[in-house]
Amino acid sequence: MSVKFTFEDDTLICRLQGEIDHHTALPIRLETDDRIESCRPAKTVMDFSGVTFMDSSGIGLVMGRYRLLSEMGGELEITGLSSNAYKVMRLAGIDRIASVKKGGIKNGDK
Amino acid sequence: MVTNEFKMSVDSRSVNESFARATVAAFAASLDPTLEEINDIKTAVSEAVTNCIVHGYKNCVGKIYITVKIRDKNTLIIKIRDKGCGISDIKKAREPLFTTLGGDRAGLGFSVMESFTDKMTVRSKVGAGTTVTLYKTVNGREK
Ligand SMILES: Nc1ncnc2c1ncn2[C@@H]1O[C@H](COP(=O)(O)OP(=O)(O)OP(=O)(O)O)[C@@H](O)[C@H]1O
Ligand SMILES: [Mg+2]
């Protein structure tokens with residue numbers, strides 16, 4: 001599991017790669033919060049297109065970043081969810097707190 | 001009728017979460033599941049195993065016992081058990097968004113298990129441990 005960051009035009013892009021579970025979520029969270037705090041981006045994009053597995057730890061990851069960003073007045077966008085990851089996220093009503101880019105969803109929304 | 005069975009126990013270390021779900025998925029592979037069914041199984045198992053680690057054995061490392069049975073050729077019965085702290089109010093614990101940990105826990109583990117399987121039962125006793133049983137019928141690519 002890893003995260004790669006790019007920061008351009010006041011937008012922080014976090015490209016997540018690998019499997020997200022309780023074990024891997026902690027280092028991702030620490031690294032991402034570190035970046036958000038140092039860049040203070042207007043917009044943050046969490047890109048899940050490299051994610052091969054995700055359980056409810058992924059929900060916690062998104063909700064936690066959403067809380068941090070809303071304190072700083074930043075917005076959050078989620079892209080690249082696989083149909084499995086989308087199924088998990090939908091249970092949490094993630095579409096209500098972050099903008100979920102449908103175009104980024106692989107394999108359609110089943 | 002049970003036609004095939006598999007048992008294992010593993011230490012409640014978070015590094016074993018991926019090992020446990022991958023192993024159950026590998027055993028289920030003989031039923032020729034679709035990719036979506038495999039993902040459903042892995043996701044539900046990951047939730048149950050994580051709960052043993054973060055809740056059941058909150059302050060210690062114990063054993064997680066996993067049994068998988070195949071019944072009537074295509075139904076998986078997956079039992080995941082810990083001998084940890086137990087749950088005092090199961091009904092409450094199963095409610096969406098209920099969590100005793102907070103932080104980055106969403107309180108959606110049981111909801112995920114329920115919606116990714118056909119049926120889930122929870123048995124628990126405070127001080128003795130918790131057993132979650134997941135039922136999943138694998139239709140595969142419609143044989
Ligand atoms: N094996 C277990 N032993 C003891 N308590 C448990 C166990 N599994 C679940 N619980 C209790 O049930 C609650 C709800 O579990 P659930 O998996 O739905 O949410 P969570 O683990 O708190 O958060 P999430 O799974 O979304 O990260 C837990 O907060 C915990 O109090
Ligand atoms: Mg849980």
Side-chain angles (χ1 to χ4, degrees), chain A residues 1-3 16-34 36 46 48 51-69 76 78 81-98 105-110, chain B residues 10-25 33-58 61 64 80 93-99 101-117 134:
Chain A
M1 184 72 219
S2 72
V3 208
L16 304 156
Q17 234 131 34
E19 302 198 324
I20 302 178
D21 59 17
H22 153 256
H23 181 70
T24 60
L26 181 68
I28 304 172
R29 185 182 98 195
L30 296 177
E31 267 186 73
T32 307
D33 284 358
D34 222 48
I36 290 175
M46 293 176 87
F48 283 76
V51 172
T52 51
F53 171 83
M54 193 192 93
D55 65 16
S56 72
S57 308
I59 300 174
L61 190 68
V62 170
M63 304 244 267
R65 283 352 92 216
Y66 169 74
R67 259 179 247 130
L68 176 65
L69 285 164
L76 177 63
I78 311 290
L81 291 175
S82 68
S83 54
N84 181 68
Y86 184 68
K87 230 163 112 178
V88 175
M89 290 289 190
R90 205 172 38 186
L91 279 176
I94 229 84
D95 354 26
R96 273 181 272 126
I97 64 164
I105 297 172
K106 288 187 298 187
N107 312 323
D109 154 25
K110 275 191 277 181
Chain B
V10 64
D11 282 348
S12 65
R13 299 183 191 278
S14 63
V15 66
N16 291 327
E17 289 159 7
S18 62
F19 168 72
R21 64 178 178 259
T23 308
V24 174
T34 63
L35 210 55
E36 187 178 6
E37 285 167 336
I38 282 278
N39 263 319
D40 290 353
I41 293 162
K42 277 183 151 178
T43 310
V45 168
S46 194
E47 296 298 343
V49 169
T50 301
N51 279 353
C52 299
I53 297 169
V54 304
H55 304 296
Y57 298 118
K58 198 182 329 182
V61 173
I64 301 170
I80 297 170
R94 291 178 65 148
E95 279 171 16
L97 304 177
F98 177 84
T99 177
L101 267 192
D104 267 358
R105 304 276 92 202
L108 284 166
F110 279 134
S111 308
V112 168
M113 286 184 252
E114 276 197 290
S115 63
F116 281 54
T117 60
L134 305 166

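The figures that follow rest on heavy atoms only: side chains count, while hydrogens, waters and symmetry mates do not. The chains referred to below are lettered A, B, ... by the order of the sequence lines, with proteins before strands, and numbering in each begins at 1. Keep in mind it's a predicted model, so treat the numbers as computed, not measured.
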Chain A contact via L35(B) - side chain, backbone, both or neither, heavy atoms under 4.5 Å: neither
Nearest atoms (heavy-atom pairs only) where R21(B) meets S46(B): NH1-OG, 3.1 Å
Contacting moiety of V54(B), where chain A heavy atoms sit under 4.5 Å: side chain
Contacting moiety of S18(B), where chain A heavy atoms sit under 4.5 Å: both
Side chain to side chain donor-acceptor pair (under 3.5 Å) evaluation trace for S56(A) with E47(B): CA-CA 7 Å; S56(A) 72; E47(B) 296 298 343; 2.8 Å; yes
Side chain to side chain contact (heavy atoms under 4.5 Å, CB included) partners of L108(B), counting only residues at least two apart: I59(A), A92(A), P96(B), L97(B), A106(B), S111(B)
Pairing residues for R67(A) by the side chain to side chain contact (heavy atoms under 4.5 Å, CB included) criterion, not counting sequence neighbours: M63(A), D104(B)
